[in-house]
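Residue numbers start from 1 in every chain, and the chains themselves are labelled A, B, ... in the order their sequence lines are given, proteins ahead of strands.
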Amino acid sequence: MSHPDPYDVLDSDHAFWADAVADAVETRSTGDPIVIKGGVSPSGVPHIGHANEILRGAIVADVLRERGHEVRQLFTADDRDRLRSIPRKLADLDGDLVGLGEVDAGALGRNLGKPYTDIPDPFGCCDSYGAHFTELLRQEVAKLGVDVAFVSNTELYEDGSFEEVSRHILANREQAREVLSDYQSKVDDDYVPFFARCEECGQLTETITDVDLDAGTVSYRCTDSEAGDGTIDGCGHEGTASLRDGKLPWRFEWPAQWKVLGVDFEPFGKDHAEGSWPSGVDIAENVVDVEPPVGMVYEWFTLEGDALSSSEGNIVTVGEVLEILEPEVFRYFFSKAPLKQRDFSIENVDQLVDEFDEFERVYFGESEVDDHQRELAERAYPTVVDEIREERIRIPYTFAAVLGMTDDPDQREEIARREGHIPDDAPEWAIEQALARVERASEWARLTDNAFNYELKRSAIPDHEFEAEIEQALDELADFIEAGHDGDEIQSEIFAIAKRHGIDVGDFFGAGYRLLFDDSEGPKLGPFLAKLDTAFVVGRLRRER
RNA sequence: GGGCCGGUAGCUCAGUUAGGGAGAGCGUCUGGCUUUUAACCAGAUGGUCGGGGGUUCAACUCCCUCCCGGCCCGCCA
């Protein structure tokens, strides 16, 4: 094949995969602007896996722009595809997940087999089911700061953009059959590469009985279609449809998009790699008559070890993830090698953020690493952040989670400074951005209810068992606090009391955390106790309430 | 059944393109310091590089084979 294999395109002596892809695109390119495309059918709630279709392309686009090219990034909503099954979970335009019971599921069931853009929006807020979920994705992409133009497939059919290529494919349907039959055994002599929309029931049917290119129509019979395990019943109607009232089968539609939109590069999931891609290349070259784009395969992510699945409801949306980490950390995740199977773990998201922080330090030469790591950071970092600013400050993620225990912004900043996470000469904007992580890390702690989700056990005293020495020490501390002292004084006294009683300071702190949080660790105790109401603290330290 | 991708320390991952020292961070443990267990310093711990075979002076890297996870080879995208 004259074009690169979608796996091999990632192989090169570049440290960063996007440079290898950019090389291939430059070799193929027929001039600027370079067009990069992605696409997905708006079948349900968009999840982080769908972001591959946007972010992988956006990263390559950045590299190409850095090389001086003009780049245009497109995303096709493949919204003329038909609804084949009803997802278990939907989401409103705020991105909040909604079960099927809260919408008219029956209405959806009656629309099986129809294009997404012909189905009413179950939430009633958009023009159609397809428009609803495309809008949801558009909102998520906006949060990532990617400049990408959305294109509706349905509109391309309705405004005639696909008409010429559809006509061409139908005129050469013998050739189309022959080419596709190398990839799909089901293709027989009756196969016509077009689905017509039934004028009676609105379903797309694959049974085309005649083609009249002069009139620009096809004749069809509305027959049953298979969908997964089940069958969607056709209505049996026989009629004619124009080339704008139907669609090309995916294997032809993809190359048709390449032709109509002038696509130079397209990343796609591994599900396409062995099926649609090879046939798409063949069809592009030998039926549609267009040079196929450079293709690139990406592996799928798992979520906490399990497959992401809209229909199964095992998903996390981009919006949800951006509640707990910065967009640049999210982009960083997508800048890593595409062929590696990766798990996205909310549980361990602190590790991802730590990794990003280190990556950033490497870029700014603040961390000693080997040549490969440095070269990778040099190339990849600029595609991950929207602006390179060296004075940026990152508060370690788990530390930010701890800072979340105090609501007072001034106190957060003060603690961060005291612990050396904010330099004295830090600019205001950098401090503001750094502290913004506190909200995200706190949300993460709440979401996962992990060790950083310190919750003051105010209503009832946690189970506890202390040695006599520690109990005496706690009583003394209670007396000290009752007498009225500030946070620093209390903190000092904790150490002094521990010393006097000959008990381990750690054990003493541990006792305090146990009584207050039912945990073995927690916030800096002195200042924390000083902020609570004295009566409660004293009573709790005496194990009375 | 056939093809393809992935499998490196407890965890997250580099390194495999052109064969030569198995690595980083986190975690864990020990010690130090101490206004902490949220910080810092020093040290230690840790892997049959999925298993086996082969080629080679030398294999995480190349070849064969097997195992595990996933995708494709029907439909749909």
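In this model, the phosphate group of rC73(B) is not approached by any side-chain N or O of Q184(A) to a distance below 4.0 Å at OP1 or OP2. The shortest distance between the side-chain N/O atoms of R374(A) and the OP1/OP2 oxygens of rA24(B) is not below 4.0 Å.
Note on Q491(A): a base of the nucleic acid sits closer than 4.0 angstrom, heavy atoms only. Contact annotation for H14(A): no contact, since no heavy-atom pair falls under 4.0 Å across all strands. Residue contacts shown for D271(A) include a base, since a base heavy atom lies under 4.0 Å away. At the heavy-atom level, F195(A) lies under 4.0 Å from the strands shown only through sugar-phosphate atoms. As judged by a 4.0 angstrom heavy-atom cut-off over every strand, F509(A) is placed among the base-contacting residues. Residue contacts for Y513(A): at a heavy-atom cut-off of 4.0 Å it reaches a base atom on one of the strands shown. Within the nucleic acid shown, L525(A) comes within 4.0 Å of at least one base atom, counting heavy atoms only. K499(A) comes within 4.0 angstrom of no nucleic acid atom, judged by non-hydrogen atoms across all strands. Within the 4.0 angstrom heavy-atom criterion, base atoms lie near D507(A). Across all strands, W254(A) comes closer than 4.0 Å to no nucleic acid atom at all (heavy-atom distances).
Minimum atom distance to the side chain of W300(A) is reached by rC71(B), of the listed rC71(B), rC75(B), rU12(B). Listed nucleotides: rU12(B), rA77(B), rG74(B). Nearest to the side chain of S185(A): rG74(B).
Nucleotide rC26(B): paired with rG10(B) (Watson-Crick or G-U wobble, both distances less than 3.5 Å).
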